[in-house]
2 protein chains.
Amino acid sequence: MATSARRGPYFCGIDAAMDVVAGKWKSLILWELHHHGTRRFAELRRGLPGVSEKMLIQHLREMKEDGLVHREVHREVPPKVEYSLTEHGVSLNTALTSLGKWGAERMRRIGAEKVVITDSGDK
Amino acid sequence: MATSARRGPYFCGIDAAMDVVAGKWKSLILWELHHHGTRRFAELRRGLPGVSEKMLIQHLREMKEDGLVHREVHREVPPKVEYSLTEHGVSLNTALTSLGKWGAERMRRIGAEKVVITDSGDK
DNA sequence: CAGTATCCATCGGGATACTG
DNA sequence: CAGTATCCCGATGGATACTG
């Protein structure tokens with residue numbers, strides 16, 4: 001289905017890691033969860049301006065499948081679901097830091113803009 | 001057109017880096033060039049079993065656009081074009097090593113297969 | 001609030017054939 | 001050898017409406 005993770009065969013480790021981070025918002029989700037520790041669905045939505053509900057839940061599910069995020073349901077009214085990183089998620093994030101630095105360097109080189117986050121969260 | 005690099009705006013450095021490595025074969029191309037120093041078109045083809053000429057040249061062009069690879073044309077008969085990494089390509093590769101280790105770990109965890117490289121290069 | 005369900009546009013990527 | 005040029009398909013991702 002929408003489970004896009006191939007789970008191999010892979011050419012190498014980078015291939016295997018990319019498989020899991022591929023997807024427009026996954027690295028951002030990782031980042032959000034890493035910095036807030038725990039986030040609710042709506043909080044993540046607000047943190048990722050431009051993401052649709054469908055893509056958000058789809059990515060979260062895949063990342064849960066891949067053992068990166070933990071999903072905790074609090075059975076109350078109104079519903080409350082909290083997402084957080086597993087240890088694998090945390091270590092993946094750590095592994096991504098050097099890549100992040102390289103990317104930041106690149107942004108400086110090419111003079112790339114940063115996404116402007118409006119308070120309403122729209123484009 | 002097929003120039004898929006967005007060149008911003010980006011959410012963060014990881015976003016910017018992923019933009020440049022996105023594409024089914026780019027990280028593998030990086031790897032190949034890093035380990036062989038310099039490779040010809042046909043050599044890369046053989047090194048990436050399953051890649052089509054179209055995707056290979058497309059990725060190479062984008063990576064050249066992004067300043068990751070250097071393309072050297074030797075005007076002779078038969079034609080000879082050599083690809084190699086620029087310093088930015090090399091540093092990107094370095095930034096990817098920790099991710100590669102994480103991915104290798106993951107492969108062990110989930111028991112993923114490695115791509116088998118047949119001598120003919122087919123699947 | 002936290003999703004599900006559809007429908008739809010786009011794009012990455014593969015196969016194949018042709019060229020300088 | 002090193003590409004170009006087309007055609008085509010499936011996956012990815014977006015918009016919108018509905019539900020427990």
Side-chain angles (χ1 to χ4, degrees), chain A residues 1-7 11 15 18-29 32-33 38-65 69-84 121-123, chain B residues 1-6 11 15 18-29 32-33 38-66 69-84 121-123:
Chain A
M1 260 122 258
T3 308
S4 58
R6 296 171 7 226
R7 289 178 176 68
F11 285 89
D15 195 15
M18 292 297 297
D19 189 23
V20 138
V21 237
K24 198 167 177 180
W25 306 92
K26 289 198 180 169
S27 61
L28 286 334
I29 292 175
E32 274 286 310
L33 291 181
T38 252
R39 296 244 92 178
R40 300 181 58 176
F41 187 79
E43 290 175 330
L44 282 172
R45 266 195 70 173
R46 281 190 289 274
L48 286 333
V51 72
S52 68
E53 295 183 339
K54 173 190 160 188
M55 290 316 304
L56 183 53
I57 193 67
Q58 189 171 300
H59 282 164
L60 284 170
R61 283 197 181 291
E62 291 177 10
M63 292 169 79
K64 190 198 168 185
E65 276 297 302
V69 316
H70 174 69
R71 179 173 183 269
E72 181 132 18
V73 182
H74 301 265
R75 263 213 144 288
E76 21 178 287
V77 180
K80 178 175 173 182
V81 181
E82 292 187 318
Y83 294 91
S84 55
D122 55 28
K123 265 202 278 259
Chain B
M1 255 113 264
T3 308
S4 58
R6 298 173 4 227
F11 285 90
D15 194 15
M18 293 296 297
D19 189 22
V20 138
V21 222
K24 196 168 178 181
W25 307 92
K26 290 200 179 168
S27 60
L28 286 333
I29 292 175
E32 274 287 309
L33 290 181
T38 253
R39 297 246 93 178
R40 300 182 58 177
F41 187 80
E43 290 175 331
L44 282 172
R45 267 196 69 174
R46 281 190 291 273
L48 288 332
V51 72
S52 66
E53 294 183 340
K54 173 189 159 187
M55 289 318 302
L56 182 52
I57 193 67
Q58 188 172 302
H59 282 164
L60 285 170
R61 283 195 181 292
E62 292 176 9
M63 294 169 79
K64 191 198 168 186
E65 277 296 303
D66 291 329
V69 316
H70 174 68
R71 179 172 183 268
E72 181 133 19
V73 182
H74 300 266
R75 262 214 145 288
E76 23 178 285
V77 180
K80 178 176 174 182
V81 181
E82 292 187 318
Y83 294 91
S84 55
D122 55 31
K123 264 201 277 255

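Below, chain A is the first sequence line, B the second, and so on; all start at residue 1. Since this is a predicted model, take the numbers as computed values, not measurements.
- Among the atoms of the strands shown, none is found under 4.0 Å from any heavy atom of B/Arg75.
- For D/dT12, neither phosphate oxygen OP1 nor OP2 lies less than 4.0 angstrom from any side-chain nitrogen or oxygen of A/Trp25.
- The side chain of A/Pro78 lies closest to C/dC1, out of D/dG14, C/dC1, C/dG14.
- For A/Glu53, the listed nucleotide lying nearest its side chain is D/dA17; candidates were C/dG14, D/dA17, D/dG13.
- Distances shown here put a side-chain N or O of B/Arg40 below 4.0 Å from the OP1 or OP2 atom of D/dA2.
- In terms of heavy-atom proximity, A/Thr38 sits nearest to A/Ser84 at OG1-CB, 3.6 Å.
- Atom CG in A/Leu48 sits 11.0 Å away from atom CE in A/Met55 (nearest 0.5 Å).
- For the pair A/Glu72 CD and C/dA2 P, the computed distance is 13 Å after rounding to whole Å.
- Listed pair A/Arg46 / C/dC1 fails the phosphate criterion, with no side-chain N or O lying under 4.0 Å from OP1 or OP2.
- Close to C/dG12, at under 4.0 Å from its OP1 or OP2, lies no side-chain N or O of B/His59.
- Look at D/dA15: its Watson-Crick or wobble partner, with both distances under 3.5 angstrom, is C/dT6.
- For the side-chain contact (heavy atoms from CB on, under 4.5 Å) test with B/Val51, the passing option among B/Leu56, B/Ile57, B/Ile29, B/Leu28 is B/Leu56; the others fail.
- Rounded to a whole Å, the NE2 atom of A/His74 is 13 Å from the C1' atom of C/dC1.
- Within the 4.0 angstrom heavy-atom criterion, only backbone atoms of the sugar-phosphate kind lie near B/Arg71; the bases stay farther away.
- Between A/Lys24 and A/His59, the shortest heavy-atom distance links the atoms N-CE1, 3.7 Å.
- Rounded to whole Å, the distance from CE on B/Met18 to P on D/dT12 is 14 Å.
- If you measure from atom CD of A/Glu82 to atom P of C/dC1, you get 14 Å, rounded to the nearest angstrom.
- Only one option out of B/His74, B/Arg40, B/Arg71 pairs with B/Glu82 in a side-chain hydrogen bond (donor to acceptor under 3.5 Å, both in side chains); it is B/His74.
- Checking C/dC1, D/dG3, C/dG3 against the side-chain heavy atoms of A/Tyr83 singles out C/dG3 as nearest.
- Mapped onto DNA chain C by nearest heavy atom, A/Val81 and A/Lys54 fall at different nucleotides, with A/Val81 at the one closer to the 5' end.
- Among the atoms of the strands shown, none is found under 4.0 Å from any heavy atom of A/Arg45.
- C/dA2 atom C1' lies 11 Å from atom CG of A/Leu60, rounded to whole Å.
- Toward the 5′ end of DNA chain D lies the nearest nucleotide of B/Ala42, the other residue of the pair A/Val51 and B/Ala42 mapping further downstream.
- Atom NZ of B/Lys24 and atom C1' of D/dC9 are 13 Å apart (whole Å).
- Looking at every heavy atom in both residues, B/Ser27 comes nearest to B/Val21 through CB-CG1, 4.1 Å.
- Across the protein-nucleic acid pair, B/Gln58 atom CD and C/dC11 atom P stand 13 Å apart, rounded to whole Å.
- Of the candidates C/dA2, D/dA2, D/dG3, the closest approach to any side-chain atom of A/Lys80 belongs to C/dA2.
- Protein atom CD of A/Glu62 is 16 Å distant from nucleotide atom C1' of C/dG3, rounded to whole Å.
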